[in-house]
Amino acid sequence: MKKGDSLEERMQSANRLRNIRENAGWTQEQFAEILGISASGYKKVERGINNISSDFLRLLHEKMDISADYVLVGKKPSINNAW
């Protein structure tokens with residue numbers, strides 16, 4: 001996310017992350033551990049306090065095959081739209 005993102009945009013992304021985590025049945029601490037980040041840092045992302053970094057998005061993709069497009073703007077990837 002870029003610095004100019006509104007609180008509403010950050011909260012929408014945070015809600016998508018929370019849904020991903022809850023649907024997997026993980027606590028915030030477990031999710032942070034899977035991603036190799038601090039629990040306090042992850043909690044701030046989920047509350048919309050911290051922006052989502054490109055490193056965070058890369059970890060989500062590498063470890064969980066979660067699309068950055070989905071987290072940031074709610075678009076699910078489609079092979080037809082890849083190019």
Side-chain angles (χ1 to χ4, degrees):
M1 299 186 100
K2 59 189 185 296
K3 279 193 171 196
D5 286 340
S6 71
L7 178 59
E8 181 180 341
E9 290 170 319
R10 282 199 315 269
M11 290 309 300
Q12 288 172 359
S13 293
N15 286 334
R16 284 188 285 274
L17 282 173
R18 183 174 43 254
N19 287 336
I20 290 166
R21 178 183 60 76
E22 288 176 346
N23 287 335
W26 294 318
T27 65
Q28 289 177 322
E29 290 80 7
Q30 290 169 322
F31 199 55
E33 185 175 335
I34 289 165
L35 294 171
I37 61 175
S38 73
S40 62
Y42 176 75
K43 289 176 182 183
K44 289 178 182 177
V45 168
E46 201 171 280
R47 289 194 317 254
I49 295 169
N50 285 355
N51 284 332
I52 299 169
S53 70
S54 59
D55 288 340
F56 182 89
L57 291 171
R58 189 175 301 111
L59 284 170
L60 279 173
H61 178 72
E62 289 173 357
K63 295 191 176 202
M64 307 179 85
D65 198 28
I66 295 170
S67 163
D69 285 347
Y70 175 69
V71 174
L72 295 176
V73 295
K75 291 183 182 178
K76 294 194 177 186
S78 167
I79 193 67
N80 296 330
N81 295 331
W83 302 102

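One is the number of the first residue; the rest follow in order along the sequence.
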K.L.:
Write down the atom of Leu7, the atom of Gly48, and the distance for their closest heavy-atom approach.
P.N.:
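Reported closest heavy-atom pair: CD1-O, 4.1 Å.
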K.L.:
Taking side chain to side chain contact (heavy atoms under 4.5 Å, CB included) as the definition, give me every residue that meets it alongside Ala39, ordered by chain and number, with sequence neighbours left out.
P.N.:
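Residues passing side chain to side chain contact (heavy atoms under 4.5 Å, CB included) with Ala39: Glu29, Ala32.
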K.L.:
What distance do Glu9 atom CD and Ile52 atom CD1 have between them, rounded to the nearest 0.5 Å?
P.N.:
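These two atoms lie 11.0 Å from each other.
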K.L.:
Measuring from Ser40:OG to Asn50:CG, what's the distance to the nearest 0.5 Å?
P.N.:
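Rounded to the nearest 0.5 Å, the OG-CG separation comes to 9.0 Å.
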K.L.:
Any pair with a residue in residues 51-68 that passes salt bridge (Lys or Arg N to Asp or Glu O under 4.0 Å), sequence neighbours left out, goes on the list, sorted by first then second residue, please.
P.N.:
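The answer is Asp55-Arg58.
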K.L.:
Side-chain donor-acceptor contacts of residues 16-23 below 3.5 Å, not counting sequence neighbours, with atom names and distances?
P.N.:
from, atom 1, to, atom 2, distance (Å)
Arg16, NE, Tyr70, O, 2.8
Arg16, NE, Val71, O, 3.0
Arg16, NH2, Val71, O, 3.1
Arg16, NH2, Leu72, O, 2.9
Arg18, NH2, Asn15, OD1, 2.2
Asn19, ND2, Asn15, O, 3.3
Arg21, NE, Glu46, OE1, 2.9
Arg21, NH1, Trp26, O, 2.9
Arg21, NH2, Glu46, OE2, 2.8
Asn23, ND2, Asn19, O, 3.1

K.L.:
To the nearest 0.5 Å, how far apart are CD in Gln12 and OG in Ser6?
P.N.:
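The CD atom of Gln12 sits 7.5 Å away from the OG atom of Ser6.
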K.L.:
May I ask you to decide if the ring planes of Phe31 and Tyr42 are parallel, tilted or perpendicular, using 30° and 60° as cut-offs?
P.N.:
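Plane angle over 60°, so perpendicular.
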K.L.:
So which heavy atom on Arg10 is nearest to which on Ile49, and how close?
P.N.:
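Closest approach of Arg10 to Ile49, heavy atoms only: NE-O, 4.5 Å.
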K.L.:
Count the heavy atoms belonging to other residues, nucleotides or ligands that lie under 6.0 Å from CD of Gln30, then report whether that count exceeds 12.
P.N.:
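Check passes, neighbour count above 12.
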